[in-house]
Protein chains: 2
Amino acid sequence: MTKKPLILVTNDDGINAPGIRTLIDVMLTIGNVVVVAPDSPQSGMGHAITLDSTLYVERLIVNGKKTNEYSCSGTPADCVKLGIKEILDRRPDICVSGINHGSNSSINVIYSGTMSAALEAGIEGIPSIGFSLLDYSWNANFEACKKYVKLITENVLKHGLTKGVVLNVNIPNVDQKEIKGVKICRQAKANWEEKFDKRISPQGRDYYWLSGKFVNLDNGEDTDEWALTNNYVSVVPIQFDLTAHHSIQNLNTWDLND
Amino acid sequence: MTKKPLILVTNDDGINAPGIRTLIDVMLTIGNVVVVAPDSPQSGMGHAITLDSTLYVERLIVNGKKTNEYSCSGTPADCVKLGIKEILDRRPDICVSGINHGSNSSINVIYSGTMSAALEAGIEGIPSIGFSLLDYSWNANFEACKKYVKLITENVLKHGLTKGVVLNVNIPNVDQKEIKGVKICRQAKANWEEKFDKRISPQGRDYYWLSGKFVNLDNGEDTDEWALTNNYVSVVPIQFDLTAHHSIQNLNTWDLND
């Protein structure tokens with residue numbers, strides 16, 4: 001590529017999160033970077049968008065100089081829409097989201113603001129990747145991610161992605177020398193066994209905290225969970241056509257018409 | 001079925017919306033109904049869940065008598081989790097969500113709180129349907145929906161649904177006599193062309209409203225958009241395994257390992 005690629009960077013942990021700072025550092029070694037990210041953490045936002053409220057965008061100024069970073073009052077999906085339609089001069093060559101503090105493997109993809117931002121760019125026809133590190137802490141060590149974030153991004157810039165497909169990349173939380181490589185995977189059939197912690201407020205009102213444990217009953221060796229457990233970086237191609245094509249024939253046998 | 005089925009009802013427009021009142025009326029003709037729905041409108045919430053905040057649940061009392069209706073401070077997905085894990089005595093036989101005020105056809109499924117509630121029940125292994133009427137107004141006329149909501153719900157109770165599959169049902173906004181029947185469809189490859197309406201606040205600060213128009217460039221006659229345009233009720237089986245299986249082989253040809 002002779003011209004430097006234009007890279008839109010976003011996340012769901014907020015523009016000041018260490019994960020997005022690492023992602024920006026890596027992207028600056030690849031191309032021209034514009035950041036549009038939420039002004040506060042948005043984890044668990046799924047594919048929420050702001051319909052009934054206004055959106056604020058602030059360009060960040062550092063030492064009196066305008067940067068290419070914008071913080072937005074909206075959700076991750078809002079940030080991508082605003083970035084593409086309002087902030088960037090031209091369509092980005094790629095959109096990268098993350099690096100999320102915590103896993104977005106298997107069913108977590110459904111709840112993930114990081115991945116909803118990546119999907120939103122995919123819906124706009126822009127090659128797009130969401131990156132996550134399997135460490136929920138704010139002070140997670142993103143050092144081992146850098147090599148793989150760069151490698152996968154460069155491959156997407158080189159090869160492109162099939163229309164309608166976005167990459168969900170998860171990185172095990174181990175030292176770089178322990179990472180065995182990259183595996184292309186399917187989403188494991190795992191889920192959360194939720195529990196609600198019921199408490200009573202000082203005002204005497206019942207309230208709940210959501211908690212739970214992650215349970216993987218999928219023994220396949222082609223899944224993201226298997227790859228991550230075995231110290232591989234998992235890459236799952238995901239799509240926003242949710243049609244369960246395999247069910248259509250069966251449903252057509254139902255008695256739904258007069 | 002000799003025993004009456006237990007039906008969990010939810011939505012994203014809030015427990016007082018006319019759409020859910022219609023859905024409850026129809027479900028009461030089929031089985032025992034428990035309602036757990038947001039206490040305020042949650043449209044465009046996607047698959048958001050409440051992780052960093054508390055959840056309140058209020059059982060509705062009418063004329064001094066406890067009802068089987070609960071309003072919840074959380075998102076549609078929260079309502080389903082709470083309903084299944086905390087409120088119901090046993091697992092429901094089916095979960096129905098809606099009737100949404102407005103379309104959840106084609107790409108709208110991604111942003112839909114109605115459908116995220118249905119998907120959440122599906123993730124829990126419960127047969128589940130989301131219903132939407134193609135009329136965004138609060139005073140929409142849900143009369144024509146009743147027949148099809150009942151017909152499709154009874155079919156799901158009779159046949160069950162393949163594990164991992166949930167139904168996305170959209171109903172055209174016409175008189176019942178104009179509805180030609182039910183079509184099993186795939187999700188149309190349509191999307192929104194967004195625009196942001198930029199304004200200045202009384203305090204002199206720029207802000208944006210999201211708006212846009214829906215564009216369908218998918219001419220297939222097997223899509224939900226085609227069905228709805230031609231006055232059919234559309235039924236799209238959808239899944240929460242987002243893996244783009246058709247892309248795995250191609251990605252395996254990339255140079256991602258040393």
Side-chain angles (χ1 to χ4, degrees), chain A residues 43-52 54-57 78 81-82 85-86 107 109-111 116 119 123 151-152 155 159 162 164-165 181-182 184 186-187 189 191 194-196 205-210 235-245 247-248 250-252 254-258, chain B residues 43-52 54-57 78 81-82 85-86 107 109-111 116 119 123 151-152 155 159 162 164-165 181-182 184 186-187 189 191 194-196 205-210 235-245 247-248 250-252 254-258:
Chain A
S43 289
M45 279 308 282
H47 208 104
I49 50 172
T50 302
L51 291 174
D52 292 326
T54 55
L55 291 167
Y56 288 98
V57 179
D78 290 330
K81 285 179 192 285
L82 269 165
K85 304 285 174 171
E86 279 290 320
I107 197 66
V109 70
I110 292 274
Y111 307 100
S116 85
L119 280 169
I123 290 168
L151 177 69
I152 293 165
N155 265 273
H159 298 286
T162 306
V165 171
V182 177
I184 312 298
R186 66 172 172 85
Q187 177 183 322
K189 293 186 206 313
N191 63 315
E194 281 96 359
K195 274 195 182 161
F196 286 92
R205 206 173 156 202
D206 288 342
Y207 68 95
Y208 298 88
W209 287 103
L210 171 60
V235 177
V236 178
I238 64 166
Q239 58 192 356
F240 42 86
D241 176 359
L242 303 191
T243 312
H245 289 278
S247 273
I248 287 179
N250 175 40
L251 291 174
N252 272 319
W254 289 14
D255 192 19
L256 291 169
N257 285 293
D258 305 322
Chain B
S43 288
M45 279 310 281
H47 209 103
I49 49 172
T50 301
L51 292 173
D52 293 325
T54 55
L55 290 168
Y56 287 99
V57 180
D78 291 330
K81 286 179 193 285
L82 268 164
K85 305 285 173 168
E86 279 290 319
I107 197 67
V109 69
I110 291 275
Y111 306 102
S116 85
L119 280 169
I123 291 168
L151 178 69
I152 294 165
N155 265 272
H159 297 286
T162 306
V165 171
V182 177
I184 312 299
R186 66 172 172 85
Q187 177 182 322
K189 294 185 205 313
N191 63 313
E194 281 96 359
K195 274 193 182 162
F196 286 92
R205 205 172 156 200
D206 287 343
Y207 68 94
Y208 297 88
W209 285 104
L210 172 61
V235 176
V236 178
I238 63 167
Q239 58 193 354
F240 42 84
D241 175 359
L242 304 191
T243 312
H245 289 278
S247 272
I248 287 179
N250 175 41
L251 291 174
N252 273 319
W254 290 14
D255 193 19
L256 291 169
N257 284 294
D258 305 323

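Heavy atoms closer than 4.5 Å to chain B are found in both the backbone and the side chain of A:Leu251. Residue A:Lys195 does not touch chain B at all, counting heavy-atom pairs closer than 4.5 Å. Looking at B:Asp206, only its backbone comes within 4.5 Å of chain A, counting heavy atoms on both sides. Of the two parts of B:Val182, the backbone and the side chain both hold a non-hydrogen atom closer than 4.5 Å to a non-hydrogen atom of chain A.
The side-chain heavy atoms of B:Tyr208 and A:Val57, taken from C-beta on, include a pair separated by under 4.5 Å.
Note that CG of B:Leu151 and CG of A:Asn257 are 7.5 Å apart. Values are rounded to the nearest 0.5 Å. The line from CD1 of A:Ile238 to OG of B:Ser247 is 11.0 Å long, rounded to the nearest 0.5 Å. Within the model, atoms CG of B:Asp241 and CD1 of A:Ile107 stand 8.5 Å from one another, a figure rounded to the nearest 0.5 Å. Annotation: the span from B:Leu82 atom CG to A:Glu194 atom CD amounts to 10.0 Å, rounded to 0.5 Å. To the nearest 0.5 Å, atom CG of residue B:Leu119 and atom OH of residue A:Tyr111 are 9.0 Å apart. Note that CG of A:Leu55 is 7.0 Å distant from CG of B:Leu210, once rounded to the nearest 0.5 Å.
Ranked by heavy-atom pairs shorter than 4.5 Å toward chain A, the options B:Lys189, B:Arg205, B:Lys85 are led by B:Arg205. Of the residues considered (A:His245, A:His159, A:Arg186), A:His159 shows the highest number of contacts with chain B, using heavy-atom pairs under 4.5 Å. Of the listed residues (A:Val236, A:Val165, A:Asn191), the one with the most heavy-atom contacts under 4.5 Å to chain B is A:Val165. Contact count against chain B (heavy-atom pairs under 4.5 Å) is highest for A:Asn155 among A:Thr162, A:Asn250, A:Asn155.
One N or O on the side chain of A:Gln187 and one on the backbone of B:Phe240 form a donor-acceptor pair closer than 3.5 Å.
Relative orientation of the A:Tyr207 and B:Tyr56 rings is tilted, given thresholds of 30° and 60° on the angle between their planes.
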